Each structure stands twice: as structure tokens, then as C-alpha cells.
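The block underneath contains the structure these notes are about, expressed in C-alpha cells.
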Protein chains: 4
Amino acid sequence: MTAQHGTAPGTRRRSEASRRAILIAAFELVGEVGYAKLSIEGIAARAGVGKQTIYRWWPSKGAVLFDAFLMLSEGTGDSPALPDTGDLDADLKAVLRATVAELNDPRYDEPMRALNTEILHDPALAAAYAERLDGPMKELKKQRLRSAQRAGQLSGDLDLNVAIEMLWGPLLNRWLQRSGPLTPEYADTVVETALNGLRPR
Amino acid sequence: MTAQHGTAPGTRRRSEASRRAILIAAFELVGEVGYAKLSIEGIAARAGVGKQTIYRWWPSKGAVLFDAFLMLSEGTGDSPALPDTGDLDADLKAVLRATVAELNDPRYDEPMRALNTEILHDPALAAAYAERLDGPMKELKKQRLRSAQRAGQLSGDLDLNVAIEMLWGPLLNRWLQRSGPLTPEYADTVVETALNGLRPR
Amino acid sequence: MTAQHGTAPGTRRRSEASRRAILIAAFELVGEVGYAKLSIEGIAARAGVGKQTIYRWWPSKGAVLFDAFLMLSEGTGDSPALPDTGDLDADLKAVLRATVAELNDPRYDEPMRALNTEILHDPALAAAYAERLDGPMKELKKQRLRSAQRAGQLSGDLDLNVAIEMLWGPLLNRWLQRSGPLTPEYADTVVETALNGLRPR
Amino acid sequence: MTAQHGTAPGTRRRSEASRRAILIAAFELVGEVGYAKLSIEGIAARAGVGKQTIYRWWPSKGAVLFDAFLMLSEGTGDSPALPDTGDLDADLKAVLRATVAELNDPRYDEPMRALNTEILHDPALAAAYAERLDGPMKELKKQRLRSAQRAGQLSGDLDLNVAIEMLWGPLLNRWLQRSGPLTPEYADTVVETALNGLRPR
DNA sequence: CCCTAACCGAGACGGTACGTCTAGTCTTATG
DNA sequence: CATAAGACTAGACGTACCGTCTCGGTTAGGG
């Protein structure tokens, strides 16, 4: 996977400057011109790089985009943990509201749609995404849910992966398919509904 | 909307034979060569049609694909209603298992991914999808849930749109991002977790 | 041959404007940037034409160049006959001096070298050259020599092709290989030497 | 000139093995893949040499080719003199027939065409060719013609350069432009015509 | 029942981008 | 310090499609 997406550290004499210029150019361009008009030629030109340098190190446009996201996520001082005030309901609402805000942020909307487009058609990229980009964040979510589980706020036999998908799935789907307004209130509703279930209590 | 996606019935002297050939060619080709290699030229060639005939009636490749799906869904004897045995849990599991089966069907996988790719980047198409393709199915789902609500099996103040997203969102997300195995058992787990909620009961 | 080099008159719906623009651009460019830097892309750009329009109608860069020359030679009101004053020696000197002048003309030097480069490596193009470009001129030369033969100024059993090569071969060789100065005086010397032979008289 | 074409003897620490490998590779490759597909990269790869080693010592592809020919011609035990039986006619026919045979030899045809291509566009290379490759052979020809001149078989006031061009020019031209069959009989005809002249005797 | 306008297939057109190839330069490590 | 190796910027190659634009040839009403 690593080598497949061009981040191999063992490769000799690879230009780090070119690598960074390419990833930055790719991220900027996809935000400016959109996914449909993103081209390898455009990335190379913006980065001041020969096309071959891209083709040499990445197997596809999607792989470049993926590495661009990876670079950004590593650049970010990833919040070491999700908030844990003891109030599960409030904490989850805060986190899902943050997710909603990010999905609505035009700076991230187009690039993330582009990445999802590639993931949609490239299983290898999907696996890389699950492992390298989504994985760390998912681990943080699990931590918070485990903590709630220990506090007796969640079922003991709950599959945390399912719980996460129950909370974030509706949001992501609304975002991807634009099937409804993606508001903070919606985030709250999802949290409440997921925690309490559809049945009457 | 109608005119925008080439299904205008009032248009004069349009060749129905060409229209059908184009939609069939589009659907078949996307399954054979994949979304990335699907081209208007290819569709025209396969359909035995001039390129202009496509450009005249559809604004984009996605619109053709959309109409191809529409034709198929209309061809299908639309199930008039979802099963309603009175056992909400069992009925939902049956329906979600059917959804899982369809998503895993290789005949529908690639075309549906292609359509989702277009929806991802084209709000107009997303709206058309919500209204014409997803809408009717969503109405059936709502019917079944309303029936359960009347029977006191679901909260009275439940937003049915949210309920539907809580049930189908996790499935669609797993399918789109390939973030986990999409099995009948998973469908069951989602139904149970959604109905009962994440909290201990 | 005709069809092979894009001059086919029967081809339907070919753009004559594009054809002319390409040939003119090719001829001008080869004179400006030289043969080594002449590129299909450059010709297309200069002609305001898509690359495919060149690739559609010509099999090679050399074929374009050839047609460019053909267009020019047809544009020229080709002198209907070589001078025939009765004085063979003087007439030949005049014609060979004209050849020398043309070979020394910088406007024709580079394009003609380019064409010869292509001919050097492409037998089909060489045949086209012999037939379409060199052929008509050669026929005029033969006419003049036949007239001299009738007047008893040339051997009756002389092979006119050989005679022509004896007269023009030395000039062309000096020009191609730059093996010596190409002056009017040299033209005179060649005529005299060829007519009288190397042996003492 | 010397330095310009990479034969500098004074250069320090130059690898003779690499030099030879490059020249041999260049000669072999031009015969195998043709002039159009001959590349510096190809030569370097075949010779097992870095590209820089070629760029360091030769200014152009043509210069490499030239040196390759030079190496071969020096390898040949240079015929010390042309045949001189006293029969000028027979001797010249023998020599021109040998030239014809060489020009028709497929082992030399492609490489010589390649060299001529470069000469066509590079005056410096043309001068080097005239001096180093063609020069020695031309001197031998002049020797034979001088001998004939002394024997009264050639005009006393004949310019020997012109005589040589009169004899070899037609051959070279037919070869370069493929303007006619290049046979031993043609060589004979050229000799006879050149010696006797075009006029009736 | 013919006329004529819209639609049809075909495909050439000016373009953009593809992914590959080579030019010529520069860097690294090896002997 | 020249070398083999090969990454680098640059840009042409020849191909595939894009979306637009004629071309003639049907084809279906409205006169």
C-alpha cells in the first residue's frame, strides 16, 4: 500500500521538494477548478514539475489526491482525543456538529468529494483511506465510546464499529448524496435518535 | 428537471428507438468498461447513433446514466409496498437484507457507483435522483414506518427521514467507502441497533 | 500515392482551409526554426488546427512537407519549357546557374534540406518526390536535351536520364554535402566538362 | 574540430572502453532500429554507459555517428591506392562498381543514410566529413586521375575535383534520392559518358 | 400526397489531456 | 574525478474524447 501510493520512505534520491509541490498543487487545484477539471498536466504545471515525476511516483490521480490529504492530516496537530466530559450526549453532539461544520466548509467540500470519487472506484485506494486517513480518527471515536461503555452509558455488547456507522453514516450520506440539509440541529437529532433508538422508550 | 434530463414527452419527432438504444448502451457499457472509461463516443458507437443525438437530448454523461436507471426502475414492476407482517423487526431485516443483496450484485454495483459519482459532483442530478429514483422508494419506506408508528412500535415524535437514514445510511456508507463487509448479518445488526438505540435498555 | 499523402480529391467534407493552413504553416516553420525543431504540434498551433487534423490526413511529418512543396510548385506558373536558343552550351549554363541560385537562396535552402532528409529515409516519399515534384521538371530537361539530340549536338545513343544526372548530380551533391563552393562558375564548368567529357579532345 | 567531435587525444582519464562501447553501440543501433529511432538514451543503454558520458564527450548525436564511422574506416586496412592497370576506363568501372556494391550493401545503407542526414543539417559535421572521412578517399581518387592525366588519357586542364564529382555525383544522387536503379551497368554507363562527354565524337 | 422542417447517422473540426518517450542537466555513490 | 545510474524539468509524440459543426438522407406532419 505504502509503496503503491508513493510514500515509500526507502526510495533513493527522490526529490522531497517536488513531492511536496505536487501534493500542494493537487490540493489547491482540486479546490479551485473542481474534480472534473483536475488534470495531471495541471498539477505538474502548477507544481513546476515534469509530468513524468508524477507518473514515476504515483499510479493514479487518486493516489496523488490521497497523499495530498495524508500530508495535510499529518500536518494538522491531530487532536489527541475527543472531548470526554462525562456527558456522552453533549460530547457526541459537539463532535458531530464539528463534522457537519467541516463538511459544509467550502475549502474541504470539493477536495473531499474528489477523494470520495476516487475511493468509489478504486478498492486499493479505499483500503488506504480506511487504514491511513479514516483509521486514526476512527480509533479516537472508539476510545470515546469505550469510555462511555465503561461508564455504563452504552450497551456492553455494542459493536463499536456499528455504533460509529450509526452516528456518522447518516451525516456522510446526506453530504454525499445531498439528500437533505446538513445542519447542527440535524447532528443533534442523529445523536439523540441513535442513542435512544427508534422505538418508544 | 424533465427537459433537463431528456425525458420530455412533448418533444416532437424524437426517435424513441434511438433513445432506448442510447440508454441501454450506456447501462451495458458502464458495467463492462467501468465508469472511468465510459465515454459519450463509446455510447454513441454502441448504440449506433450519432454523437449529436446524445448531446441534443442530454446535458451530460450523468444525465444519460440517470435516465438509464430511470428506464430500468420503471421497467421493474415496482413493488407496490414493503412487507408489513406486523413484525417491524423482521420486516426491516428482510428489506435491508434485500438492499445488501442488491448492493453486492455485480450487475448493479458498477452502474450504481457510476451514478453516485455523478451525483457527488452535480447537485442538479442529486436533486433529480432524490426526486425521481430515490423518492418513490423512500415513500414506500415511510409508509411502512408510519404503519409501525401507528402500531406504537416507533416513537410518535420520530422524524421518519431521520429514521430512514439511521437504517440505510450505515449500509450505503459501507458500500460506498468499502469500509467493512456488507453482509446480511450486518443488516440485522443495524436494524437491531437502530431500533433499540446505543444506550443500554 | 495521392491518397497516401493527403491530396485525395475524392475525400468528402475535408476542410480545404485547414489543409492550406497546415501546408503553409509547415513550410514557414521549417524555414524559421529548422528541420530539427519542426514538430507536428508546432505546425498545428501555427495553423490554428487540431493535431488530429494533421494525423488524420498525413501519415508523417515528411508527407506534410512534401505536400507543402507540391502546393508551392503548383502555385508557381511552372515555366512551360527550358530556354532553347539553339546554343545548347549557353542554354544549359543558364539553367544550371538558375539551379545554383535557387539552392543558394536561404528561403529554399532549409525547407529543401528538410524534404531531402525525409526522402533519405522514406522510400515511398522518395517515389512521390520523383513522380510528382522532380518528374515534371525532369521532363522539361529531357525535352531540351531531345531537341539538342535532334540537332546533332548530343550523341544519338545517349541515355537522357544519365545525361541529366551527369549535369545536375554534381550540383546537388555539392549542395547536399557542402563539399565545395556552389557558384555560377562551377555550374559553367560542370556544363563544359559534361559536354566535352573528361578525355582530351 | 577534433575536440568538437570527441576524438581529443589529450583528455585525461577518459575511458577508452566506454568510448569504444558507445561508438559500436551507435553503429549497431542505427542499423537495427534506423536513424529515426536512434536515441542517445538507446546508445547509452546498449553501451552500458551513463548518458552523461556521451554528453560529456560529444556535442550531438551526429558527432557520435561520425566518430563511429571514423573508427570503422580506421579499422579497415585502408586500401593504399586505387587500381592502376593503365586502362583508365576499366579501372574506373571497377572502382565505381565497388562503390555501387557498397551503397547497396544493407549493412552500410542505413548507417550511411543516417550520417548523411546529420551532414545535411550540420555544416561543422559536413566539414569534418569532408576532411576526415571523405578526404582520404578523395586523395586516392585524385592520385589515379593524375596518373591518367600524365598518361594523356585525361585533359590536361581538367579540374580533378570536378572530374570526381562528375563520376561519383550521379551515383550518390541516385542512392540518396533513390531516383533510379543503382546497378553495376549504371556505373559503367556513367564512366563511359563522363569520359566521352555528352557530345557526339 | 407532397413539402419542408426537424431529426437522424456519420464524422471532420479545434481543442485538452492522456500516458510515454527522449532531450539535456544535475545529483549521488562507487572505484 | 570520471563513471554508471538514474531523477529531474521540459516538451513532443500519437491517441482518445470532448462538445460543436456541417453533411446528406430519412421521416413525419401541415398545407
Side-chain angles (χ1 to χ4, degrees), chain A residues 11-19 21 36-45 47-61, chain B residues 11-19 21-22 36-45 47-61, chain C residues 11-19 21 36-45 47-57 59-61, chain D residues 11-19 21 36-45 47-61:
Chain A
T11 314
R12 293 180 310 184
R13 285 195 280 130
R14 173 170 187 180
S15 162
E16 180 61 17
S18 291
R19 185 181 160 273
K37 297 207 166 183
L38 180 67
S39 67
I40 300 267
E41 294 221 320
I43 296 171
V49 138
K51 284 199 292 176
Q52 200 56 251
T53 301
I54 299 182
Y55 285 110
R56 190 165 15 239
W57 299 110
W58 287 275
S60 69
K61 203 166 63 180
Chain B
T11 313
R12 294 179 310 181
R13 292 213 260 141
R14 171 168 188 182
S15 163
E16 179 61 17
S18 291
R19 185 181 159 273
I22 289 164
K37 297 206 165 181
L38 180 68
S39 67
I40 300 267
E41 295 219 319
I43 296 170
V49 138
K51 287 200 291 175
Q52 200 55 253
T53 302
I54 298 181
Y55 284 109
R56 183 155 31 227
W57 300 108
W58 288 274
S60 70
K61 200 167 65 178
Chain C
T11 314
R12 291 180 311 183
R13 282 192 285 128
R14 173 168 186 183
S15 163
E16 179 61 16
S18 292
R19 185 181 159 273
K37 298 208 164 179
L38 180 67
S39 66
I40 300 267
E41 294 221 322
I43 296 171
V49 138
K51 285 201 290 175
Q52 201 55 249
T53 302
I54 299 181
Y55 285 109
R56 187 157 26 230
W57 300 109
S60 70
K61 204 165 62 178
Chain D
T11 315
R12 294 180 309 179
R13 292 220 257 144
R14 171 168 189 182
S15 162
E16 179 61 16
S18 291
R19 184 180 160 276
K37 297 207 165 181
L38 179 67
S39 68
I40 300 268
E41 296 220 320
I43 296 171
V49 138
K51 284 200 294 175
Q52 200 55 251
T53 303
I54 298 181
Y55 283 109
R56 191 163 12 238
W57 300 109
W58 287 274
S60 71
K61 201 166 65 178

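Residue numbers begin at 1 in each chain, while the letters A, B, ... track the order of the sequences. The figures here come from the full heavy-atom set of this structure, side chains too, leaving out hydrogens, waters and symmetry mates. Values in this document were obtained by computation on a predicted structure and should not be read as measured data.
For Trp57(A) and dC8(F), the shortest distance from a side-chain N or O to OP1 or OP2 is below 4.0 Å. Residue Arg56(C) places at least one side-chain N or O under 4.0 Å from the OP1 or OP2 atom of dC13(E). At dA12(E), none of the side-chain N or O atoms of Ser18(C) fall inside 4.0 Å of OP1 or OP2 (strictly under the cut-off). Within the 4.0 Å cut-off from OP1 or OP2 of dT9(F), at least one side-chain nitrogen or oxygen of Thr53(A) is found. At dA2(F), none of the side-chain N or O atoms of Ser15(D) fall inside 4.0 Å of OP1 or OP2 (strictly under the cut-off).
Interatomic distance, Trp57(D) CH2 to Arg19(D) CZ, rounded to the nearest 0.5 Å: 11.0 Å. The distance from atom CD1 of Ile54(B) to atom NZ of Lys61(B), rounded to the nearest 0.5 Å, is 11.5 Å.
For the pair Tyr55(B) and Ile40(B), the minimum side-chain heavy-atom distance is below 4.5 Å.
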> Which nucleotides of nucleotides 10-17 of chain F have their base under 4.0 Å from a protein heavy atom (B), which only their sugar-phosphate (S), and which neither (-), written as one string 5' to 3'?
Replying inline: B-BBBBBB

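Partners of Lys51(D) by salt bridge (charged side-chain N to carboxylate O under 4.0 Å, His left out), not counting sequence neighbours, listed by chain and number: Glu41(D). Residues satisfying the side-chain hydrogen bond (donor to acceptor under 3.5 Å, both in side chains) test with Thr53(C), not counting sequence neighbours, are none.
Set against dT3(F), dT28(E), dT9(F), the side chain of Arg14(D) has dT3(F) as its closest nucleotide.
Distance CZ (Arg19(B)) to P (dC8(E)): 12 Å, rounded to an integer number of Å. If you measure from atom CD1 of Ile54(B) to atom C1' of dC18(F), you get 12 Å, rounded to the nearest angstrom. Atom CD in Glu16(C) sits roughly 16 Å away from atom P in dA12(E) (whole-Å rounding). Here the C1' atom of nucleotide dA23(E) and the CH2 atom of Trp58(D) are 17 Å apart, to the nearest Å.
Nearest approach of Ala47(C) to Ala21(C), heavy atoms of both residues: CB-O, 3.5 Å.
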